[in-house]
Every structure is written in C-alpha cells, then in structure tokens.
Amino acid sequence: MLAELPTKYSPTTVEDKWFAHWMSKQYFKSTPDNREAFTIVIPPPNVTGVLHMGHTLNETIQDILIRHARMTGKNACWVPGTDHASIATEAKVVAMLKERGIDKKDLSREEFLKYAFEWKDKYGGIIIHQLEKLGCSCDYGRVSFTMDDHYYKAVIKVFVDLYNKGLIYRGARMINWDPVALTALSDEEVEYKEVQSKLYYVKYKLEVPNSTQEEFITVATTRPETILGDVAICVNPTDERYTHLKGASAYVPLVNRKIPIIFDEYVDKEFGTGCLKITPAHDLADYNIGLKHNLPIIDTLTENGTLSEAAGMFVGDDRFVARKKMAKALAEANLLAKEEEIKNKNGFSQRTNAVVEPRISTQWFLKMADMSKPTINAQATGDVTFFPDKFDNTFKYWMENIKDWCISRQLWWGQQIPAYYAPDGSFAVAENKEKAFENLRLTISDLRLEDIKQDEDVLDTWFSSWLWPIEVFNGITEPNNKEINYYYPTNVLVTGQDIIFFWVARMMMAGFEYQNQRPFADVYFTGMVRDKQGRKMSKSLGNSPELLGLIEQFGADAVRFGIMISSPAGNDLLFDESSCEQGRNFANKIWNALRLIKGWTIDNSTNPSNQFAIEWMNERIESVSADYHKLISEYKLSEALRALYSLIWDDFCAWYLEMVKPEFVDGKANPIDAKTYEATITFFEKLMHLLHPFMPFCTEEFYSFVKERNENDVLVIKQFNTQFSASSSSVLSNGELMKEIVSTIRDARNKNQLKPKDKLKLMIETSDKSSFEAIQSTVCKLANLTEITFNDSKAANAINFVIGNNKCYLDAGSLINTDSQKDDLEKELIYLEGFLKSVNAKLSNEKFVANAKPELVALEQKKKSDAESRLIAIKESLSGLN
RNA sequence: GGGAGCUUAGCUCAGCUGGUUCAGAGCACCUGCCUUACAAGCAGGGGGUCACUGGUUCGAACCCAGUAGCUCCCACCA
C-alpha cells in the first residue's frame, strides 16, 4: 500500500476534482429554511481587473468563516459578485479603447457602453474563476453585479425615493473636479499628498485713496496662473501693516483689472506676507470668502484644466504650463518679488492621479446630516461591532462631521440619473421618462415626450454599492421578500479599512434607511497586503504575485495558509511567498501521516500500552478545539490556524503517531491493534474537520482517503461540536511529563554521543510512582529504553538528571561525559536558587502576603516547596557525580 | 493643525482583567542525522535592558506621565 503512494502530495489535480465535486453536490447553494442563517456578502471586487493579494486575503477570511459556520450546522450563504466601479472601470475602458485607436469622444453613449460591458464580461468572468480556484464556497448561483437589471432599478428607485424625501438636491457648488476623467468627485475620492511646490511672491500695484505715491502689495501664492481670476486681495483686519488700506484697490498684474482690498479674519497674518489673493472660482476657501463678501466669480479654467477665454492670457495652455509662463511674465514685468521652495499638499484623484481642481459646478448632492444618525447610534451602542475596535473613533468622528455627498459623475458607465429636463430647464425626477413627462406636463401643457431629455450624468459607484447587502436579495426591488427577510441582516462584513467611509458607513446608512436594521452585526477590517519589505504591492514595482500563478506553484490550500498564518486583524500584512511554502509543506506533512496510517496492517490483538497515547491525544484535540472555536468567534484566525498547525504537526505527527506506530521486527512492521487503529482514524478525521475551513481541498482529499465511507465529504456531513467536556488535567500533565523525560533523554544522547538506536535503561527515584507508570511504556518506546525501574540502586555509569523533583539515572553501560551533566545540573542549580530567592522574598514581604489574592499566595508557597524539593534532588544528583 | 495606533529575538508577530524566573511562537540561524510516513523531513541548540526616562505598586512588557521614532486617518493656510 505504502509503496504505491508518492511521498509528495500534489494539489493541482486534487483541487480541481474536489471543486467540481462540491459544485455538483450543490453544497454551497443556500435557500431559506428553518436553520439559523449565516450570511456574508462579498465586498464585490471592481471589474477593473483581476484579483490581487488583498482580495486573496479578504476572500480567504470570508471562506474560512462561511465554511466554519456551515460545519456548525448553520445555513451558510456567501453571495459573490462584482462592482461596476464607475470611474475606475470607465478609465480602464477609455485607456483600452485608446490603445486600439478609438477615442471615447467619437463614440455614442450606447457604443461606449457596449465596449464597457464586454470589458465587464471578461474581467467579471476572470474574477469568478479566481474565486473558484481559491476554493471559495460562494453560492455561485447568486453571482450579482451592481449593474444587473434589478440592481439598476433598485438604484434608480432609491434615488427617486430620496429625492422625494427632499434628501437629494441639485445645485452649483464648489466640488472636486478631475480634469482627466472630466468628472466631479466626492471628497473621499481625493487623496492629499505632499508635494514640493514654489511659493511666488507677486506684487500688485495699489491705489490708495488720497495718496499719489506708487505703492505695491505683495501676495504669496503657489498658483500664479489663477491670478487672472483674482477678484480681491484679502488681509486680516487686525494686521497693522495693512490697516491704511481701507477703501484701497489693487490692480491684477499683467491684466490691470481693478479689484478691492477686503478684510477678513480668515487670513493668517503669519503665512507668506499676510495677504491672500481671492480667486473664488478655483479655491474652496476663496469661494467661501467670495460668497461672504459678495464678490464676482471669474472662472479662468476649462473642464480639462486649460486656461479659458476668461483668463485673457495663455488661453488654451494647460494650468501647469500657464503657471510657468505666468511666473516668467511676472518676472519680466518686475512684479515677482521672490520665489520660495515650500512643501504643501495637493489633492489627487484616487483613480486617475490627476491633480484635482476645485471647481464650481452644478451637481447632485445627498444630504447626510439626518441619514447619519441611526448609524452613529448603532456604532455607539455596539449594534454593529468593529474588529479591531481601533476604528471606532475615526468612524465616529467622520460620521459626526459628515458632509453632503456629491453623487453625480460626468461619466457613462453607471446608473444614469433619473432626472428629465424640459426645454425650459425645469426638470422632474422619476423612475422613467413617461412618469417624468406626466409630471412635467402639469406645468408645461404643450410639452411633448420627445422634448424632454434625461440627465447625462451617472451616479457615483458607491451610490449603488451601498445597497449591496440589501439588493443582492432583491430587498429594494421586492421589499419584504422571503430571501431578504431570511438572510438580512448579514453576519459579518470582511473588508479593507481603506473603504470604511466610502462603503461601510454608507451601507449602514442605507441599511437603516431601507431595512430599518443594521446591514451586518460585525465588521472585520483587514489591512493592506504589502511585500516582505513592507512596500505596497503594485504593478509598477512588479512585487504583486499573480494569484493563479501562486496557486499553480503551491496549491490553493498552501496560498490560503500562507496568507492566513500571519494576518493580524486591521494591521498590514507583509506577504512572503515562503509562507506559502510552509503551507505546502504542511499539507505534505499531513499527506505523509496519512500514508503512514494507510500502510498499517490491522489485527485483533489488544495493546494496552497505547492506552495513554489515545487518552492523551483525545484530550489534546478536545482542548485545542475549544480554543479554536473561541478564537474563530473572535476573528483571531491566524491564532486559530497556528494552534491547529501545532496540534497536527507536533502533537499528532511528532508525538502521537510516534507513540502508537508499530515497531519493526525482522524488517517487517508489526500489525496495529484494531482499537488503536480506530482511534487514530477518528483523530485524523477530527483534525481534518478542524483544518477544513482553512485548507479545504487537501482536507477533503485526505478525509475521503483515510477511510471507506458511504456518506462522504468533510464539508457537510460532520458538524462541529462546540460543546466540550472538561478536559482531564492529569492526562495532559502526564503528557507534559512524558515529553520532558523523552526530550531530556534525547538531549543526553546527543551530548554523550549515544546513538538513537542504542537501547538504554532508566531508573527513577520518585515518590510519585503512579504518574510515571502511566507513561512508562510510552517513554520506553519514544526514548528507546529497554525498561524503567523505580527506586532501584543506581548504576555505576549513569547519566544523572532531574525531572521535577525526581532523580533519574540513565544507564548507558559506559559513561562518556560527566562534565556536560554537571554543567546542566549546575546551571539548573543556579537558576533554581535564584528562583527560590525571589519566591522567598515575596513570601517574606508582609505587604505581598497581605495584599495579594490568597490563591496567589498559596501558589507561591507551592512554588517554594516544589523548588526546594527539586533543589535537594539536584544537589544529591550532583554529589553523586563527584 | 487635530486624532488614532504602533515600538517585544535577525524577520513577522502573540502576550486577554499587573502575579510562576514572563520574557513566548513561527520563520531564519547553528549542530547532528538520508533512523523503512515525510530532507517539503527528524532530533537537539543558541538568541531579546520588552524604544527611552521617570512615576504608581509588595510586584510592571502590561497601569500613569513625559521623550524619541514609525504608521495611518481627518482638516479650505494660500
């Protein structure tokens, strides 16, 4: 049997086989029934491309949780899907078209959408395939997409509803403009980064009442190209340098437009020259000051960031080109006092990386102040719990200072805003054109249907994904249907901390608005996956491994292991391929344990000497299982995996199997007794159950292989028992004793050049014979002893060591190295004396005895007596050596 | 400018409500082994002033204050 099995486990074919099997059995399919539901909705990956390591981490965590729930008997439902990712995907499609020589401008909306859907079909398909390869147990019959027909309708319905509730409004506001994507952005889509800039000190000629003297005022600015849109100079009213300028005017350099000097406390006297030029069209602060002081607005930029006709100069030049030209022109006109290098922050578009331009534009907004309240409450009361909780404060702060959300985007890829305009500019918001028409005709009697036009803009992608936990169950389009009532609210959301505001917060708000309930009970935040040097994974650095390639190389189980073995919740994960190697080795280790077991022949004998091993292994599994389920419930998945790794590798393979493994006689393995064999199979099965959520493929393979059975598959037939009997501490502590003796003997062999094969005798002087008797046969086997005798006279050439306070003598026949024993014993002696000293110090400290808990004092007393008796044993052993 | 978090072995991190001499784990490293499950392995081993300085306490990696360094989030100083 054994010879037929290769020594290496090869995952590739096994994984595909099992995935196909699971699918054919429809194990992942969920329909509402009378069991408790356990629901997860996947954070839908963007259809911009393929899954990366961040997704891999995320999906693996979800799969572990969903498989664990399934195995505890819950009706587990994991909904997969993808996000249309409006701006991100549109940018990709535009770039793809450009490569093919097609300009978006030359396409109609319909033609463009056709390309976009082709793109979506391609990448959406790849993403689902990757999920399958990773072993994700999603209900693939539920694959959703944020632009599915029903989903599209849901988004429109919600827009109309919120508009009718007065929460959505349209207006001209200062917004963040992406001059590359040519669309508005929300505040969250702008990333501020520090850049090296120049601060230009520009002289403006003054006109001061009752003064003929030529005078200038110097203004510091980082954006001289916006000078052309200046409408005022602002100084602080308490700034004595400028108090004489009341009623004065200045001339905009080069164009000589006359503008007023105004006074506002907003201006920081310390910065630059204490003068601020006011350009309401191109800066939010200036815009607000402009409103306050009733200033005009001169928009000197076009939508793509070039200078407009209104600028009067450098028309058509890009803003950065114009900036340089302006500086040069100012210098030539002798109006540039100086230039200074400074660091300041610029806003960049999250998707195109273009420098964002503050711009006045007519957009659609959602009022947030009232909608945020139930969410703030839910988080404060623990209705929704964050793991880890360090995000509580930032979340609260953001929610309490929430601003209105700009939800319109000047794109084509997304849900088109259901506002319909009559030729006179009036509009109606309705679910379709016909309804809008009826509505508009109330005021415009001669209106024809073909006269009205739908708003060209689409909605922010998050305005659709905030409905995800609801509409994947058709909760918006068919309220109160059986599915939404059964699956909602979901149990846990597993997502990146970077989208806490974009998505988590908004899903919560939508949940309370449309279901009157939280969308999820827990949120598990993952960190960012970085490479082992701590760098972000990116295509340009080439440090982002390709998921399918990794799976090909190590197997999906190993990749899952690799990414889970050290992934602290909420902290960044430094991913190293070598941890996948560790996972592969782990699967291989189990495979070889299985080979060993499968190689045994069984007979009807009984072998009482295995009794201890069986009891001990059973207790170990029980004890670790309890920890394991607890750790998973606390989302400490790495720790749970580590505990299993050690249970399987150390306890089961290194100790248990060695304890029960039949010995070889005359080159032939003895058979194993049926009882031990059955126990071993049961342990193996239990271990496969426990490991299955983490490494589903190999555990399924090994489980199916270890025993013939009618009912099959680890995945469904066995339910986790989360009730545990109190473990037998004496068995576990005897196990520790056994390990200590065996390790000490092995170490003694090492130090005395005794071969593992040399049979030795052990004599123990002990007052606790029964503990040793329980492990006697096991110790003999693992340490290769012929016998253990008690309280016998010691052999002449024995190796001395002390276990607890029991003196042990290992009879090597001929003694080789007394020095190392003496060394070891003396080291131990010094340590123990120090230990005893500290314990005594504690116990003689009246305050300790008075203040510490009684059980603690008792513990110290026990430590003292244990140490004292051990000390005596060691001293006696030492004196025996002299 | 405001807020949050982090700093423990060469690396990545555990260390829950102070209490075994508490200083841990996994990698990595060193030594010896191809010992009939497994070299993707086995047996053993070395390694840390718990960032720094004070304080509270009978007792501090853990609590408090300050210092330094790192990370992240938020904010309209041009």
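Proteins get letters first, then strands, A, B, ... in listed order; numbering begins at 1 in each.
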Positive for ring-ring contact (aromatic ring centres under 6.0 Å, His included) with A/Phe586, one of A/Phe694, A/Phe561, A/Phe702
A/Phe561
Which part of the nucleic acid, if any, lies within reach of A/Val219 when heavy atoms closer than 4.0 Å are counted: base, sugar-phosphate only, or nothing?
nothing
Contact under 4.0 Å: A/Thr222 side-chain N or O vs B/A78 OP1/OP2
no
Is the distance from OP1 or OP2 of B/U36 to the nearest side-chain N or O of A/Lys661 less than 4.0 Å?
no
From the set B/G19, B/A37, B/C74, return the single nucleotide nearest to any side-chain atom of A/Tyr397.
B/C74
Looking at A/Asp283 and A/Arg359, does any basic side-chain N land under 4.0 Å from a carboxylate oxygen?
no
One should report the stems of RNA chain B, each a stretch of at least three consecutive Watson-Crick or G-U pairs at distances under 3.5 Å, as B:1-7 with B:68-74, B:10-13 with B:24-27, B:29-33 with B:41-45, B:51-55 with B:63-67
Hey, does A/Lys853 reach any base, or is it just sugar-phosphate, or nothing, if we go heavy atoms under 4.0 Å?
nothing
Using the C1' atom as the reference point in each nucleotide, state the distance between B/C50 and B/G18 in Å, no decimals.
15 Å
Can A/Glu828 and A/Arg870 be counted as an ion pair, charged N to O under 4.0 angstrom?
yes
Any side-chain N or O of A/Lys396 below 4.0 angstrom from OP1/OP2 of B/A4?
no
Phosphate contact (B/C27 OP1 or OP2) by A/Ser579 side-chain N/O below 4.0 Å:
no
Decide, yes or no, whether a salt bridge links A/Glu225 with A/Arg319 under the criterion of side-chain N to carboxylate O below 4.0 Å.
no
Taking the same atom, P, in B/C62 and in B/G2, what whole-Å distance lies between them?
27 Å
Salt-bridge contact A/Glu340-A/Lys338 (side-chain N to carboxylate O under 4.0 Å):
yes
Assess whether a salt bridge exists between A/Arg530 and A/Asp572, defined as any Lys/Arg side-chain N lying under 4.0 Å from an Asp/Glu carboxylate O.
yes
Is there a side-chain polar atom (N or O) of A/Lys863 under 4.0 Å from OP1 or OP2 of B/U21?
yes
For A/Thr7 and A/Gly274, take the nucleotide of RNA chain B holding the closest heavy atom to each; which residue's nucleotide lies nearer the 5' end?
A/Thr7
